[in-house]
A.B. asks: 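One structure, pasted below without further comment.
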Amino acid sequence: MNLSRRDFILRGTALLATLGIGAPLLLTQTSNRVFGSAEPTKNINSPVLVVIQMSGGNDGLNTIIPYGSGAYFDARPTLSITQKEVLTLDKQMGLHPSLAGLNELYNRGKVAIIQGVGYPKPNHSHFRSMEIWQTAEPDKYLHSGWLGRYVETSLQGNKNPLQAIQIGNEANKAFSSDSINVPVIQTLDNFNFFDPHTPVQDQNRLARSFIDMYNPNGQGTQIKVTCQHGMDAYHSVEAVHTLSSRYQNKVVYPKSGIAKDLQLVVKMLAGQSNTRVFYLQIGGFDDHAREKEQQAKVLKELDEGLSTFYEDLEAQGLQDNVVTMAFSEFGRRVKENGSGGTDHGTAGPIVVLGGKVKGGLYGEAPNLTDLDKGDLKYQVDFRSVYSTIMDNWLKGDAKAVLGKTYENLTFI
């Protein structure tokens with residue numbers, strides 16, 4: 001392979017994009033010094049949280065379906081899932097037929113479903129409602145995110161630069177903080193400095209050229225900051241590639257974005273990254289029209305990704321170390337609209353998956369006859385779910401993160 005200027009620019013740009021180089025990162029050491037040891041570290045069994053953001057406002061009523069309620073079928077004459085199609089959980093509630101993998105894990109006791117989750121005075125805006133979930137504050141605007149505050153208060157003695165990772169490039173305030181910076185891994189596929197299919201001599205030339213260009217020594221103050229960002233990104237990617245190379249692929253993942261992101265989580269954990277929190281995103285849930293087809297497709301992608309992810313965790317012996325939580329910024333209105341879809345609503349379910357999860361249905365089933373202007377009334381404050389995870393799983397300081405004490409649930 002001939003190393004052209006175009007090759008270098010393309011791959012160097014991919015490197016900067018790969019880890020969200022807009023803000024300083026904490027990854028300034030090389031992977032050989034931080035992650036080079038093949039020996040297990042003492043934190044290998046630390047509890048891990050994987051958060052999956054289902055962007056767009058998932059229709060909770062067609063996800064966890066109240067098939068035992070006549071009001072459900074009355075409100076959705078064309079959108080309702082028939083009793084014959086529903087994957088039954090009990091005599092009243094069932095799963096969407098696209099969620100066969102989660103249904104199997106539920107039957108094994110590995111999935112908890114918290115029903116009717118929301119917050120007071122719900123907001124119907126995608127942007128504001130997601131911000132509320134990411135900052136854990138419905139009543140005022142905060143700069144800091146709930147996971148950023150968790151890292152600040154509960155992981156302050158943790159020097160691991162990969163203690164928290166965001167995968168994906170969508171804007172996210174969950175890790176916002178004035179004192180910590182969380183790496184944002186957009187993709188590793190576009191960056192080939194460490195690609196085993198690239199000849200070693202060309203890998204070395206690319207890497208050396210990038211390091212020479214971004215060497216901060218002898219630069220002015222402003223340029224030095226930019227150069228340091230570039231060097232941090234280089235070492236970040238180097239570290240991630242070093243860790244992921246230790247992973248032995250034991251299952252076949254589906255070809256979807258969320259599946260690829262979930263596999264990267266296993267690669268990092270199997271490589272002993274000792275990451276405590278991962279944040280992932282899957283979109284496509286804003287179903288104002290043609291909901292039946294669209295939601296079925298996206299739920300199937302999520303289901304296949306999650307079930308394969310859990311299978312991989314079991315193959316790696318990590319299933320008891322990881323809890324995964326999937327949420328959406330709001331549910332949909334009870335009645336279907338005139339376009340074969342549903343409009344922005346309020347409360348919805350949260351799904352929690354893990355080897356240590358106490359599976360089952362939590363919270364009250366949605367009441368479809370006692371509504372707030374056509375919307376569901378929430379039964380469980382989402383901060384109770386956060387508090388439960390922080391107190392009972394991550395062993396953090398939930399009160400310091402959330403500002404006050406919330407009732408903990410029993411799913412962990």
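We number each residue from 1, following the sequence as shown.
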A.B. asks: Using the side chain to side chain contact (heavy atoms under 4.5 Å, CB included) definition, which of the options D287, I282, I258 pairs with V298?
C.D. replies: I282

A.B. asks: Scan D370, D372, N367 and name whichever one has a side-chain hydrogen bond (donor to acceptor under 3.5 Å, both in side chains) with K377.
C.D. replies: D370

A.B. asks: Just wondering, more than 12 heavy atoms not from K292 lying within 6.0 Å of its NZ?
C.D. replies: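 Enclosed.
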
A.B. asks: With a 4.5 Å cut-off on side-chain heavy atoms, are F285 and L299 touching?
C.D. replies: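 With C-beta onward as the side chain, the pair touches.
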
A.B. asks: Under 3.5 Å, side chain of N62 to main-chain N/O of L79, donor-acceptor pair present?
C.D. replies: yes

A.B. asks: Does K297 come within less than 4.0 Å of E301, counting only side-chain N to carboxylate O?
C.D. replies: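 Yes.
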
A.B. asks: List for me each residue that meets side chain to side chain contact (heavy atoms under 4.5 Å, CB included) alongside A365, sequence neighbours excluded, and say none if there are none.
C.D. replies: M93, Q115

A.B. asks: Atom CG of N172 and atom CD1 of I167: how far apart are they, to the nearest 0.5 Å?
C.D. replies: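 Answer rounded to 0.5 Å: 12.0 Å.
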
A.B. asks: For N160 and N274, what are the C-alpha separation, side-chain angles and deciding distance, and is it a side chain to side chain donor-acceptor pair (under 3.5 Å)?
C.D. replies: CA-CA 8 Å; N160 178 10; N274 292 319; 6.0 Å; no

A.B. asks: What residues form a side-chain hydrogen bond (donor to acceptor under 3.5 Å, both in side chains) with R149, not counting sequence neighbours?
C.D. replies: S144

A.B. asks: Do L49 and P47 have side-chain heavy atoms sitting under 4.5 Å apart?
C.D. replies: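 No, every pair of side-chain atoms sits at 4.5 Å or beyond.
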
A.B. asks: Applying ring-ring contact (aromatic ring centres under 6.0 Å, His included), name anything that partners F382, two or more places apart in sequence or on another chain.
C.D. replies: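 Y119, W133, Y386.
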
A.B. asks: How would you list all residue pairs meeting salt bridge (charged side-chain N to carboxylate O under 4.0 Å, His left out) that involve residues 392-403, not counting sequence neighbours?
C.D. replies: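 Counting only pairs at least two positions apart or across chains, no salt bridge (charged side-chain N to carboxylate O under 4.0 Å, His left out) contact touches residues 392-403.
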
A.B. asks: Under 3.5 Å, is there a donor-acceptor pair between the side chain of E137 and the main chain of D139?
C.D. replies: yes

A.B. asks: Strictly by salt bridge (charged side-chain N to carboxylate O under 4.0 Å, His left out), give each pair with a member in residues 320-334 just once, sequence neighbours left out.
C.D. replies: D286-R332, R333-D375

A.B. asks: Donor-acceptor check, side chain of S339 to backbone of A289, threshold 3.5 angstrom: yes or no?
C.D. replies: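 Side chain of S339 to backbone of A289: no pair is present.
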
A.B. asks: Is it the case that atom CD in E293 sees more than 12 heavy atoms from other parts of the structure closer than 6.0 Å?
C.D. replies: yes

A.B. asks: Does Q316 use its side chain to pair, donor to acceptor, with the backbone of V266 at less than 3.5 Å?
C.D. replies: no

A.B. asks: Does the pair Q281 and S55 meet the rule for a side chain to side chain donor-acceptor pair (under 3.5 Å), with working shown?
C.D. replies: CA-CA 7 Å; Q281 302 165 51; S55 301; 4.7 Å; no

A.B. asks: Go through the steps to decide whether S179 and E152 satisfy the test side chain to side chain donor-acceptor pair (under 3.5 Å), and finish with yes or no.
C.D. replies: CA-CA 7 Å; S179 62; E152 289 174 339; 3.0 Å; yes

A.B. asks: Looking at residues at least two apart in the chain, or sitting in another chain, which of them share a side-chain hydrogen bond (donor to acceptor under 3.5 Å, both in side chains) with T82?
C.D. replies: E85

A.B. asks: Identify, with sequence neighbours excluded, every residue that meets ring-ring contact (aromatic ring centres under 6.0 Å, His included) alongside F278.
C.D. replies: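 With sequence neighbours excluded, F278 shows a ring-ring contact (aromatic ring centres under 6.0 Å, His included) to no residue whatsoever.
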
A.B. asks: Got a sec, which pairs hit salt bridge (charged side-chain N to carboxylate O under 4.0 Å, His left out) with one end in residues 117-133, sequence neighbours left out?
C.D. replies: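 Those involving residues 117-133 are R128-E131, E131-K173.
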
A.B. asks: Knowing that exactly one of I113, T410, V117 qualifies, which makes a side chain to side chain contact (heavy atoms under 4.5 Å, CB included) with Y362?
C.D. replies: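 One option only clears the test, and that one is T410.
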
A.B. asks: Which residues satisfy the ring-ring contact (aromatic ring centres under 6.0 Å, His included) test with H126, sequence neighbours excluded?
C.D. replies: F330, H344

A.B. asks: Using atom types as modelled and distance alone, determine if a side-chain donor or acceptor of S307 lies under 3.5 Å from a backbone N or O of D303.
C.D. replies: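 Pair found, side chain donor or acceptor close to backbone of D303.
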
A.B. asks: Kindly say whether T78 contributes a backbone atom to a donor-acceptor pair with the side chain of E336 at under 3.5 angstrom?
C.D. replies: yes

A.B. asks: Among residues two or more places apart or on two chains, list those pairs meeting salt bridge (charged side-chain N to carboxylate O under 4.0 Å, His left out) that have a residue in residues 64-76.
C.D. replies: D59-R76

A.B. asks: Given V323, which partner from the list N392, V357, V48 fulfils the side chain to side chain contact (heavy atoms under 4.5 Å, CB included) test?
C.D. replies: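 Option passing the side chain to side chain contact (heavy atoms under 4.5 Å, CB included) with V323: V357.
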
A.B. asks: Excluding sequence neighbours, so at least two apart, what forms side-chain hydrogen bond (donor to acceptor under 3.5 Å, both in side chains) with T63?
C.D. replies: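 T63 satisfies side-chain hydrogen bond (donor to acceptor under 3.5 Å, both in side chains) with N58, Q295 only.
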
A.B. asks: Closer than 3.5 angstrom, by distance alone: can the side chain of Q83 be matched with the main-chain N or O of Y67 as a donor-acceptor pair?
C.D. replies: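 Yes: the side chain of Q83 pairs with the backbone of Y67.
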
A.B. asks: Would you say the side-chain atoms of T308 pair up with the backbone N or O of Y253, donor to acceptor, closer than 3.5 Å?
C.D. replies: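 No.
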
A.B. asks: Stepwise, does the side chain to side chain contact (heavy atoms under 4.5 Å, CB included) test hold for M268 with L264?
C.D. replies: CA-CA 6 Å; M268 297 292 293; L264 179 56; 4.2 Å; yes

A.B. asks: In chain order, what residues pass the side-chain hydrogen bond (donor to acceptor under 3.5 Å, both in side chains) check against Q263, with sequence neighbours excluded?
C.D. replies: Y247

A.B. asks: So T88 and D90, side chain to side chain donor-acceptor pair (under 3.5 Å) or not? Walk me through it.
C.D. replies: CA-CA 6 Å; T88 59; D90 60 21; over 6 Å; no

A.B. asks: State whether the side chain of Y279 and the backbone N or O of L147 hold a donor-acceptor pair below 3.5 Å, judged by distance alone.
C.D. replies: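 Here the side-chain-to-backbone pair does not exist.
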
A.B. asks: Using the rule side chain to side chain contact (heavy atoms under 4.5 Å, CB included), only one of L353, V50, I114, V385 pairs with M325; which is it?
C.D. replies: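 Filter result, single survivor: V385.
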
